[in-house]
Amino acid sequence: MKGGTLFLGIREAKFLYQNDISDPFIRVTVDSQKHQTKTVLNAGKNPFWKDTLKFKISKTQASNPDKVSVFFEAFNQPSETSELLLGQSIHALSKIVNKGQHSVTLNMTDKKNKAIGSLQVDMEYM
């Protein structure tokens, strides 16, 4: 399989328990590549984004998609110099490469694996 481009449209998060979320953003990591959404100011517990993040997928990664994870992290940014981890989720690249274009709701958990909400993402591999 040849390499390609992974497009991730970050759309909406729903946080269950955090009462003091004000300025969230999402960071996505695929191997050594990291991209993040814009920070949504004063967003509360249900922020929306229209951001699409783009990742280059090598021929090796595309040929072995079960060995590559897409790591999502949600942060609150209470100031320009600090960020607080709200939750995280991992999604296998193989689930994206093999399905083509689709939307998914990812369950987000804290560091102790407690459910903290969800993240809606549009995914496409070309």
Side-chain angles (χ1 to χ4, degrees):
M1 179 177 277
K2 65 179 185 173
T5 303
L6 172 63
F7 297 92
L8 299 174
I10 309 300
R11 300 298 172 239
E12 176 183 7
K14 294 184 180 181
F15 298 108
L16 300 175
Y17 305 111
Q18 282 74 14
N19 294 324
D20 58 351
I21 298 170
S22 58
D23 302 329
F25 69 92
I26 304 297
R27 180 178 299 144
V28 183
T29 305
V30 178
D31 280 347
S32 63
Q33 299 175 75
K34 287 186 182 188
H35 300 294
Q36 70 185 45
T37 65
K38 295 175 185 157
T39 301
V40 181
L41 301 176
N42 302 311
K45 290 169 49 170
N46 297 313
F48 289 88
W49 292 270
K50 293 181 180 178
D51 297 32
T52 299
L53 308 178
K54 186 167 83 170
F55 296 87
K56 291 290 182 190
I57 303 300
S58 70
K59 181 179 179 179
T60 301
Q61 290 170 319
S63 297
N64 298 293
D66 287 331
K67 296 182 180 181
V68 180
S69 294
V70 182
F71 189 57
F72 296 84
E73 296 171 291
F75 290 92
N76 188 26
Q77 188 169 16
S79 73
E80 288 186 27
T81 59
S82 68
E83 54 189 43
L84 304 170
L85 180 65
L86 298 170
Q88 56 198 7
S89 185
I90 298 174
H91 198 71
L93 182 63
S94 61
K95 292 181 181 179
I96 304 166
V97 170
N98 296 332
K99 278 192 171 183
Q101 184 176 2
H102 65 288
S103 293
V104 65
T105 299
L106 302 172
N107 293 319
M108 302 289 286
T109 60
D110 64 13
K111 287 183 178 181
K112 296 179 181 177
N113 211 28
K114 178 182 174 187
I116 60 95
S118 62
L119 178 66
Q120 180 70 37
V121 182
D122 297 332
M123 301 180 171
E124 183 175 14
Y125 178 75
M126 299 175 65

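All of these numbers come straight from a predicted model, not from anything done at the bench.
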| request: Please report the closest heavy-atom contact between Ala43 and Pro47, naming both atoms and the distance. | output: CB-CB, 3.6 Å
| request: Could you pull out all residues at least two apart from Ser118 that satisfy side chain to side chain donor-acceptor pair (under 3.5 Å)? | output: none
| Partners passing side-chain contact (heavy atoms from CB on, under 4.5 Å) against Lys2 (at least two apart in sequence or in another chain) | none
| said: Quick test of your reading: applying salt bridge (Lys or Arg N to Asp or Glu O under 4.0 Å), list the pairs with at least one residue in residues 99-108, sequence neighbours left out, ordered by first then second residue. | reply: none
| message | How long is the straight-line distance from CG of Asn76 back to CD of Glu83, given to the nearest 0.5 Å? | response | 10.0 Å
| remark: Separation between OG1 (Thr39) and CD1 (Ile26), nearest 0.5 Å, reads 10.0 Å
| Pairs touching residues 42-65 that satisfy ring-ring contact (aromatic ring centres under 6.0 Å, His included), sequence neighbours left out | His35-Phe55
Show me the donor-acceptor pairs, under 3.5 Å and distance only, between side chains in residues 3-16 and residues at least two apart or in other chains.
unit_1, atom_1, unit_2, atom_2, d
Arg11, NE, Asp122, OD2, 3.0
Arg11, NH1, Asp51, O, 3.2

| said: Per the side chain to side chain donor-acceptor pair (under 3.5 Å) rule, what does the pair list look like for residues 87-96, sequence neighbours excluded? | reply: Asp66-Ser94
| remark: So OG1 of Thr105 and CG of Leu119: to nearest 0.5 Å the spacing works out to 8.5 Å
| task | Flag the pair Val30 / Ile57 as yes when at least one side-chain heavy-atom distance between them is below 4.5 Å, and no otherwise. | result | yes
| request: Identify, with sequence neighbours excluded, every residue that meets ring pair (Phe, Tyr, Trp, His ring centres under 6.0 Å) alongside Phe75. | output: Phe25
| request: Check side chain to side chain donor-acceptor pair (under 3.5 Å) between Asp31 and all other residues, then give those that pass, not counting sequence neighbours. | output: Gln61
| note | Sequence neighbours excluded, the answer for side-chain contact (heavy atoms from CB on, under 4.5 Å) partners of Lys34 is Arg27, Thr29
| query | side chain to side chain donor-acceptor pair (under 3.5 Å) with Ser69: which residues, sequence neighbours excluded? | reply | none
| message | For the backbone of Asn42 and the side chain of Asp23, can you confirm whether one donor and one acceptor N or O come within less than 3.5 Å of each other? | response | yes
| Asn64: what forms a side-chain contact (heavy atoms from CB on, under 4.5 Å) with it, not counting sequence neighbours? | Thr60, Lys67
